[in-house]
Amino acid sequence: MKFIRLLSFFIIIVLPLSSQAATSGSYSAIADVFATVIALDEKASKNEVKELTEGTVAGGEKDAKFEKLITEKNLHFQQLLLMIRGTFSDFDAEKINKKEIRFLQSKIAINASRGNTLAVQRDKYLIARYIEQRERASFIQYLANASRDYETKENILLEAKKYLNRVINNKNDIKKLPVNEGGIYVVAEKNRQDLVRSYLVSVDFIHYVLNNPEGIVVTSFLQRISIISAISYVNNNEQFRKVNQLISPLKIDVGGVLVSLAIFIVTLAGYPLVSRLSQYLIGRFILDDGKVESVEVILLNINKPVLYLVSFFGVDLATNALLYRTAYKVSVDQFSFIIYNLLYISLIFNLIDSIISVRFELVDKRKQEYNKELVLLIGQVLKTIVILLSLTLVLSHFGINITAIISTLGIGGLAFAMAAKDSLSNFFGGLNIMIDHIFKMGDWIKINDAEGTVVEIGLRSTTIRTFDNALITVPNSLVSVASVVNWNRRAVGRRIKMYIGVTYESNMQDIRQALVDIKQMLQDHPEISSPKETNKKFIEKGRNKFLSHADSQGVKTTQLVFLDRYNDFSIDILVYCFSRTVNWVEWLEVKEDVLFKISDILEANNLSFAYPTNVQINRNEELELKKSNSLLVE
């Protein structure tokens with residue numbers, strides 16, 4: 001509410017202000033762009049002279065700097081075409097620098113009457129530069145009118161070529177001054193160089209128009225819609241011209257401020273709409289119409305970067321509208337380019353993670369088999385490619401020669417390969433683990449002294465969570481050559497092995513019956529793997545008909561119940577079998593049930609569990625017993 005009041009107050013204050021704006025004021029934004037390009041050329045010329053004098057720059061680096069200069073100039077020319085296409089050409093080119101030209105003509109007349117030929121030439125150079133600026137303004141006025149009147153491409157190119165010939169002829173007609181050591185000569189020579197530079201910038205601009213006529217040619221009304229067009233429309237309003245004159249030193253105008261505020265308001269208003277649209281698209285194309293349980297997490301992961309991207313897009317447009325005439329715009333654009341890259345990387349990363357997560361959940365629901373580690377590896381590779389592409393775009397955007405970097409890597413390839421030897425061996429070791437299916441995430445494995453559950457199989461290492469909750473990281477190169485015990489690579493059958501000891505006082509016939517009963521109990525037990533059953537599901541999974549399907553798939557059905565040995569304190573019965581489940585908790589439950597049933601069988605057959613006993617014999621008592629026995633005999 002406060003914001004609306006403030007905006008209303010601003011409009012009430014500004015609207016009554018009306019007066020005629022100077023012709024140069026409506027052309028000043030365009031003139032500023034040419035001034036910036038001329039400054040770039042002047043700076044490049046000074047650097048080139050310095051480098052040639054010192055000899056510190058190689059040819060490849062010079063080409064890269066030259067390419068960067070061309071790119072910067074083209075960006076300014078592109079912005080200029082946008083401004084021209086959105087300009088209402090109400091300025092009079094003949095009035096540009098009119099007072100300065102009259103003053104210089106008066107000086108020329110006075111210096112000519114006094115015979116100061118060098119001073120006359122000095123001022124003629126300056127007048128020629130002002131006239132060149134007028135002709136350039138006339139050409140820009142023609143381009144603006146051609147864009148507004150839907151002029152054909154052929155006519156625009158023809159007019160551009162005519163102007164190009166005039167500029168080249170005028171440049172060739174510039175006469176050099178005889179060398180002189182006076183101060184007037186220094187100023188005159190500077191004016192001559194400025195004139196040449198002005199002609200060269202006009203030539204560059206005309207060439208850009210010839211190579212990019214689509215920047216001016218308008219074939220429909222929709223092409224006229226742009227931020228610069230909106231700003232120009234506001235600025236050409238009679239109500240705002242006086243205000244623009246007052247704030248022109250700040251390099252901003254009313255059109256830029258109002259359009260910036262409008263963009264910001266539209267962004268705030270469109271934020272909920274974009275949020276709902278993104279949620280719909282995510283639910284429709286990624287979440288498979290709500291068939292995934294972790295909907296909220298995935299929506300949050302994707303929705304946040306989308307909203308950040310839309311918000312920053314609005315802020316970026318508003319900033320460009322506000323600062324389009326300032327020197328800060330280029331720096332803001334460079335900063336925005338980096339932010340956009342980071343936001344796009346975040347969005348793509350979250351998309352990859354969300355798609356993988358959704359597919360995992362759907363496949364788990366359908367109980368289909370898949371290689372989770374390989375899918376995660378593909379995701380990591382895609383992320384690496386995204387980072388490399390983004391880095392390449394950023395380097396190219398800032399004018400860094402990618403070819404030179406690649407050449408440097410080629411020269412130092414051997415050194416790089418030696419330094420990255422361990423990393424490469426770890427990477428290929430990880431590939432071997434995934435391709436050979438040695439183990440997967442969640443498996444209980446033992447590698448040398450490391451035993452626990454596999455947390456992740458990465459590009460460089462495998463992480464294992466031990467049973468005492470410690471985390472162990474093992475390089476993939478060591479894992480691929482080590483002996484790996486995988487307790488999870490079994491489909492049916494976790495071993496139950498025990499010895500049941502009964503007392504020596506037991507009747508052998510009872511023991512025989514107990515053996516028969518235990519065998520029958522194991523065969524009838526629903527959770528004990530039986531050799532009489534044929535598990536077709538695991539036989540069909542055999543990849544090689546010459547391999548034992550039971551061994552390759554990890555199916556164990558052995559059942560053994562035998563009187564095994566006479567121990568020190570017991571007669572031992574061997575019970576050897578496998579549970580159907582391989583899960584540890586479920587295995588413990590099955591084993592517990594078997595133990596209870598065996599106890600019932602022994603009790604039913606009048607058998608008792610044996611336990612260690614000690615028999616102590618006192619020698620003195622033994623001798624007395626023998627004596628008493630001998631007396632009785634006598």
Side-chain angles (χ1 to χ4, degrees), residues 293-294 297 353 356-357 360-361 363-365 367 369-377 379-380 422 425-427 429-500 525-529 538 550-558 560 574-598:
E293 294 180 358
S294 54
V297 177
D353 290 340
I356 291 175
S357 177
F360 280 175
E361 189 168 334
V363 170
D364 287 340
K365 280 186 175 181
K367 296 182 179 180
E369 289 194 357
Y370 61 99
N371 193 332
K372 183 183 291 186
E373 293 75 25
L374 192 57
V375 175
L376 292 177
L377 177 63
Q380 291 177 346
D422 293 338
S425 61
N426 287 326
F427 173 75
L431 286 181
N432 290 334
I433 294 170
M434 296 175 191
I435 293 173
D436 292 343
H437 302 286
I438 299 174
F439 50 80
K440 63 180 185 297
M441 293 166 57
D443 280 0
W444 168 21
I445 66 171
K446 181 177 181 181
I447 305 172
N448 299 331
D449 295 331
E451 183 176 4
T453 304
V454 178
V455 177
E456 182 184 8
I457 304 171
L459 294 175
R460 193 195 70 83
S461 61
T462 296
T463 51
I464 300 172
R465 179 69 65 181
T466 63
F467 295 117
D468 55 357
N469 208 23
L471 190 66
I472 299 177
T473 301
V474 185
N476 288 333
S477 57
L478 297 180
V479 176
S480 61
V481 297
S483 298
V484 179
V485 179
N486 191 337
W487 299 105
N488 279 77
R489 290 296 294 272
R490 45 191 176 186
V492 174
R494 187 162 184 164
R495 189 178 67 174
I496 299 175
K497 181 181 179 181
M498 64 184 76
Y499 288 96
I500 309 298
H525 201 292
E527 298 300 327
I528 295 296
S529 179
F538 294 102
D551 290 335
S552 62
Q553 298 300 317
V555 178
K556 291 290 186 182
T557 59
T558 306
L560 300 175
L574 170 65
V575 177
Y576 185 93
C577 61
F578 290 86
S579 65
R580 288 182 180 276
T581 181
V582 295
N583 181 272
W584 186 46
V585 175
E586 295 174 358
W587 173 80
L588 288 174
E589 292 174 353
V590 173
K591 184 179 178 181
E592 179 185 60
D593 187 61
V594 169
L595 288 172
F596 280 127
K597 283 181 168 55
I598 290 175

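Since we're looking at a predicted model, the values are computed, not measured.
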Trainee: Can you check whether E589 reaches T581 side chain to side chain, under 4.5 Å on heavy atoms?
Mentor: no
Trainee: So Y499 and L574, do their side chains get closer than 4.5 Å, heavy atoms only?
Mentor: yes
Trainee: Among I464, V485, T453, V479, find the residue that satisfies the side-chain contact (heavy atoms from CB on, under 4.5 Å) test when tested with I445.
Mentor: I464
Trainee: CG of D468: more than 12 outside heavy atoms within 6.0 angstrom?
Mentor: yes
Trainee: Could you grab the distance from atom OG of S483 to atom CD1 of I447, nearest 0.5 Å is fine?
Mentor: 10.0 Å
Trainee: Hey, could you give me the CZ/NZ distance between F439 and K446, rounded to the nearest 0.5 Å?
Mentor: 15.5 Å
Trainee: Got F578 and T558 here, is their nearest side-chain heavy-atom distance under 4.5 Å?
Mentor: yes
Trainee: Please report the closest heavy-atom contact between A450 and I472, naming both atoms and the distance.
Mentor: CB-CD1, 3.9 Å
Trainee: Indicate yes or no: at least one non-hydrogen side-chain atom of W487 is less than 4.5 angstrom from one of V582.
Mentor: no
Trainee: Does F596 CZ have over 12 foreign heavy atoms under 6.0 Å away?
Mentor: no
Trainee: Would you check if R460 and T473 make a side-chain contact, meaning some heavy-atom pair closer than 4.5 Å?
Mentor: yes
Trainee: Take atom CH2 of W444 as the centre, draw a 6.0 Å sphere, and report whether it contains more than 12 heavy atoms from other residues, nucleotides or ligands.
Mentor: yes
Trainee: Are V594 and H525 close enough that some pair of their side-chain heavy atoms sits under 4.5 Å apart?
Mentor: yes
Trainee: How long is the span from the CD atom in E456 to the CZ atom in R465, to the nearest 0.5 Å?
Mentor: 12.0 Å
Trainee: Quick one: closest heavy-atom pair of N448 and A482, and the distance?
Mentor: ND2-CB, 4.2 Å
Trainee: Distance from N583 atom CG to R494 atom CZ, nearest 0.5 Å?
Mentor: 7.5 Å
Trainee: Quick one, D593 and K597 - any side-chain contact, counting heavy atoms below 4.5 Å?
Mentor: yes
Trainee: Does D443 reach the side chain of K440, with side-chain heavy atoms less than 4.5 Å apart?
Mentor: yes
Trainee: Could you check N486, T462, V474 and say which one makes a side-chain contact (heavy atoms from CB on, under 4.5 Å) with V454?
Mentor: T462
Trainee: What are the two closest heavy atoms between K556 and S529, and how far apart are they?
Mentor: O-OG, 2.8 Å
Trainee: How far apart are the closest heavy atoms of W587 and S579, and which atoms are they?
Mentor: CD1-OG, 3.2 Å
Trainee: Can you measure from CD1 (I528) to NZ (K591) and round to the nearest 0.5 angstrom?
Mentor: 11.0 Å
